[in-house]
Amino acid sequence: MPTSSKEMLFSQAQIRARVQQMAREISRDYAGRELLVVGVLKGAFIFMSDLIRALEVPCRADFIRAASYGAGDESSGCVEITKDIETDITGRDVLIVEDIVDTGLTVQYLTETLRARHPGSLKVCVFLDKKGRRKIPFEADYVGFSIDDGFVVGYGLDFAEQYRAFPDVYVIHAGVEKDPDGGKVDA
Ligand code: IMP
């Protein structure tokens, strides 16, 4: 991808400051409790690792992975879990950590699936929120940054498995091929 096709949206410094703020807020809300943080693979692993290191409450970590099938980079709503958590969440305080909420379909499916397992509490923390793109109403409990429409990469978010390791977040501009895998959107 030529450099001119992407534009920085959030710098490392902005991200670090916001993640620290979120960790303080979450630590206040869960004071005296132990959290089970469930990271949604693959996109959330960098955000989750920064977030949990900044938490001031004890936490356990687990991971879930979902895939949805749709046209291009858009989720269709047919979500499946391709890697489940390994923890019994009954009675636990569970925090789902997601990279980005777009249509809301993936996170809604994950939330419903975990809620059916009777956690003590269940909340959702997202790094980026594209509120204007929802296909269903969904409000996350903790939001790093709200953003406009546009495809973003970096800080764990990928485009065809590229750019995850960028420490900053970039918007990819039009004209870039986004669907090399023929429609499977890895959540
Ligand atoms: P949903 O549309 O809210 O179900 O989002 C499904 C998944 O698509 C998210 O968990 C992300 O992994 C991915 N996704 C959505 N928008 C973007 C983006 O702008 N960049 C990278 N991945 C995205």
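Atoms within a ligand are numbered from 1 in the order they appear, just like the ligands themselves.
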So the atoms of ligand 1 within less than 4.0 Å of a heavy atom of E98 turn out to be 10 (O)
Using a 4.0 Å cutoff against the non-hydrogen atoms of K130, which atoms of ligand 1 qualify?
16 (N), 17 (C), 18 (C), 19 (O)
Might you confirm whether atom CZ of R33 has over 12 heavy atoms from other residues, nucleotides or ligands at distances under 6.0 Å?
yes
Please work out whether the ring planes of F47 and F127 are parallel, tilted or perpendicular, with thresholds of 30° and 60°.
tilted
Give the atom numbers and elements of ligand 1 that come within less than 4.0 Å of a heavy atom of T103.
1 (P), 2 (O), 3 (O), 4 (O)
Considering only heavy atoms, which of L105, I100, V169 lies nearest to atom 9 (C) of ligand 1?
I100
Just to check, does A66 reach to within less than 4.0 Å of ligand 1 when the distance is taken from its heavy atoms?
no
So for R133 against ligand 1, with non-hydrogen atoms under 4.0 Å, the contacting part is neither
Rounded at 0.5 Å granularity, tell me how far NZ in K130 sits from CZ in F151.
6.5 Å
Would you mind telling me if ligand 1 is within reach of the side chain of K135, the backbone, both or neither, using heavy atoms under 4.0 Å?
neither
Output yes when E161 and K42 qualify as a salt bridge under the 4.0 Å nitrogen-oxygen rule, no when they do not.
yes
Run the numbers for me: atoms of ligand 1, each under 4.0 Å from some heavy atom of F151, listed by number.
17 (C), 18 (C), 19 (O), 20 (N), 21 (C), 22 (N)
So which of I81, I89, D88 actually passes side-chain contact (heavy atoms from CB on, under 4.5 Å) with I85?
I89
For G150, take its heavy atoms, then give the atoms of ligand 1 lying under 4.0 Å from any of them.
19 (O)
Before accepting this row, confirm whether a basic side-chain N of the pair R164/D99 lies closer than 4.0 Å to the acidic partner's carboxylate O.
no
Below 30° counts as parallel, above 60° as perpendicular, anything between as tilted: where do the rings of F159 and Y163 land?
parallel
Below 4.0 Å from any atom of ligand 1, is there a heavy atom belonging to G104?
yes
Geometry only, no angles: is V101 polar-contacting ligand 1 at N/O separations under 3.5 Å?
no
E34/R92 salt bridge by N-O under 4.0 Å criterion
yes
Relative to atom 6 (C) of ligand 1, which among L128, T106, L157, V152 owns the nearest non-hydrogen atom?
T106
To the nearest 0.5 Å, what is the distance between CG (D50) and CD1 (I46)?
8.0 Å
Candidate with minimal heavy-atom separation from atom 3 (O) of ligand 1, of D158, I147, V107, D102
D102
